[in-house]
2 protein chains.
Amino acid sequence: MNDQKQFYELFPNLEEGLYEELMKYGDVKEIPAGTALLKAGQTIRSTMLVLDGIVKLYQEDDEGNEFFMYNLQQGQACAVSMICTYQQEKSQVTAKAVTDVVLLTIPLEYMDKWLSKYKSWHYFVIKTYRSRYEELLKTINEIAFKNMDERLEFYLKKQVKQFGKHVKLTHQEIATDLNSSREVISRLMKKMERNGWIIINRNSFEWIKD
Amino acid sequence: MNDQKQFYELFPNLEEGLYEELMKYGDVKEIPAGTALLKAGQTIRSTMLVLDGIVKLYQEDDEGNEFFMYNLQQGQACAVSMICTYQQEKSQVTAKAVTDVVLLTIPLEYMDKWLSKYKSWHYFVIKTYRSRYEELLKTINEIAFKNMDERLEFYLKKQVKQFGKHVKLTHQEIATDLNSSREVISRLMKKMERNGWIIINRNSFEWIKD
DNA sequence: GTTTGTAAGTAACCATAATCACAGATAATA
DNA sequence: TATTATCTGTGATTATGGTTACTTACAAAC
């Protein structure tokens, strides 16, 4: 992290000593878009804090189908890597850099050390768990109770919130995230366009509703 | 809890002082089957440890549909109540006693106090989060990638694991848990019976496969 | 034993979304 | 400019599971 001040803003309310240790023992990594950060079945040896960019978490099944769960952005940490790091367990999910990403990776041993040493780290870990757990609850809610059109709307809105009104995604990419098919997404998006919610461009769309 | 020894077995590896405080400040409650322990939208003021019985966690939508997530049994704690207690937040899920249940409820203030004081409590809280998070991942996996027949099989097997080969559930109850309809469950279970997986009785079924 | 309530079985039909099969559109590259 | 690759649009077909509408089965209450 070249700009230390920004770090304080991204992760506020940590103790002074903890900031120092984070700087000292954390490893800043710049990762190009598209890189897989975490693969299902992999054993994890470090926890990740996102300093910049977007990291996407999703599940994969044995036939290669995907299902999007949630994105991480700057100031957030990967609960899965914390959980797995903690008990040296294997990941059940996949994480991928959606944009170029800057990460602070923290070697496993400090996870535990800091938990006893810094109360603020403790709060941070718990807060991370809580937020991710709640994201999963929302995801379950969508898929359990809603039809494809509603799920698509929810998904697109989430993207718009993260990337702005103009989102760069192909219909195929959206279909993959929702574990649907390209044709279904094209049809539903065309309907949204007819209803004046979006404008469809090649490789992207623009949200114009509200 | 009348049998203190059992408590040590249910929640092993806690510090001696913590056991004492749990006994002293925790409140043992005996709750009849069917009682709602946690309602969506409710603010929570205590954390629950399950000493005996089965507690079911599920989501509800605005139209009253339900969707089963997972069961808690003895030796497990309610991650939702921990999460919510911690930040005085509202529950997004519903918890209900499936059988008669014995709970140890812990007032909010001790959650925080013990986190700093007892390392073992700390581990316990983290372990609880981790297990529940993983349950949700499994749930998402089921609903995202699998058809009703496979989901039903997974669900029934889970019940069998908890309650034994002879499970007391009506088709309607199963349908509600899977957010499906009674007719669909009847159809699929009849097929399972024809394939020699189960025997269907009124109000219950028996798992005979494997 | 008859009534009543609840559970389960089943057929017919319908809705949603997945799949198949193209056709056109747009952008990159030869 | 022509060629190729990728993306999008759309109709037709199919599969899954939800809905409607009964019927049958069982068991408790009268």
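Throughout, a chain's letter reflects where its sequence line sits, starting with A, and its residues are numbered from 1.
Evaluation of atom-type donor-acceptor distances gives a pair under 3.5 Å for the side chain of A/Arg202 against the base of D/dT6. Residue side chain B/Arg151 does not reach the base of D/dG17 through any donor-acceptor N/O pair under 3.5 Å, judged by distance alone. Scanning atom types as modelled, no donor and acceptor separated by under 3.5 angstrom connect the side chain of B/Arg182 and the base of D/dG18.
Under the ring-ring contact (aromatic ring centres under 6.0 Å, His included) criterion, the residue pairs touching residues 138-182 of chain B are B/Phe68-B/Tyr155, with sequence neighbours excluded.
Donor-acceptor pairing under 3.5 Å is recorded for the side chains of B/Asp112 and A/Tyr123.
Under 4.0 Å is where a charged nitrogen must lie from a carboxylate oxygen, and between A/Glu142 and A/Lys138 no such pair does.
Atom CG in A/Asn201 sits roughly 12 Å away from atom C1' in D/dT8 (whole-Å rounding). Rounded to whole angstrom, the span from the CG atom of B/Asn179 across to the C1' atom of D/dT19 amounts to 14 Å. Separating the CD1 atom of A/Ile185 from the C1' atom of D/dT10 is a distance of 15 Å, rounded to the nearest angstrom. Atom CD in B/Glu183 sits roughly 14 Å away from atom P in D/dG17 (whole-Å rounding). The CD1-P distance, from B/Ile200 to D/dC26, rounds to 13 Å in whole Å. Computed from coordinates, the B/Leu152 CG to D/dT16 P distance equals 15 Å when rounded to whole Å. What separates NZ of A/Lys190 from P of D/dT8 is a distance of 11 Å, to the nearest Å. Rounded to an integer number of Å, the gap from B/Asn65 CG to D/dG18 P is 11 Å.
Taking the six-membered ring for Trp and the full ring otherwise, the centers of A/Tyr133 and B/Tyr133 sit at least 6.0 Å from each other.
By the 4.5 Å heavy-atom criterion applied to side chains, A/Glu173 and A/Thr170 are counted as neighbours.
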In sequence, state the C-alpha distance, the side-chain angles, and the governing distance for B/Gln172 and B/Thr176, and then conclude on side-chain hydrogen bond (donor to acceptor under 3.5 Å, both in side chains).
CA-CA 6 Å; B/Gln172 182 57 64; B/Thr176 302; 3.3 Å; yes
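Ring orientation note: the planes of A/Tyr19 and A/Phe7 are nearly perpendicular, at an angle over 60° on the 30°/60° scale.
When distances are taken from the side chain of A/Thr170 to each of D/dC7, D/dT10, D/dC26, the shortest belongs to D/dC7.
Heavy-atom contacts of chain A under 4.0 Å fall on DNA chain C between two terminal nucleotides, which in 5' to 3' order are C/dA17 to C/dA27.
Between B/Leu169 and A/Asn147, the one whose closest nucleotide on DNA chain C sits nearer the 5' end is B/Leu169.
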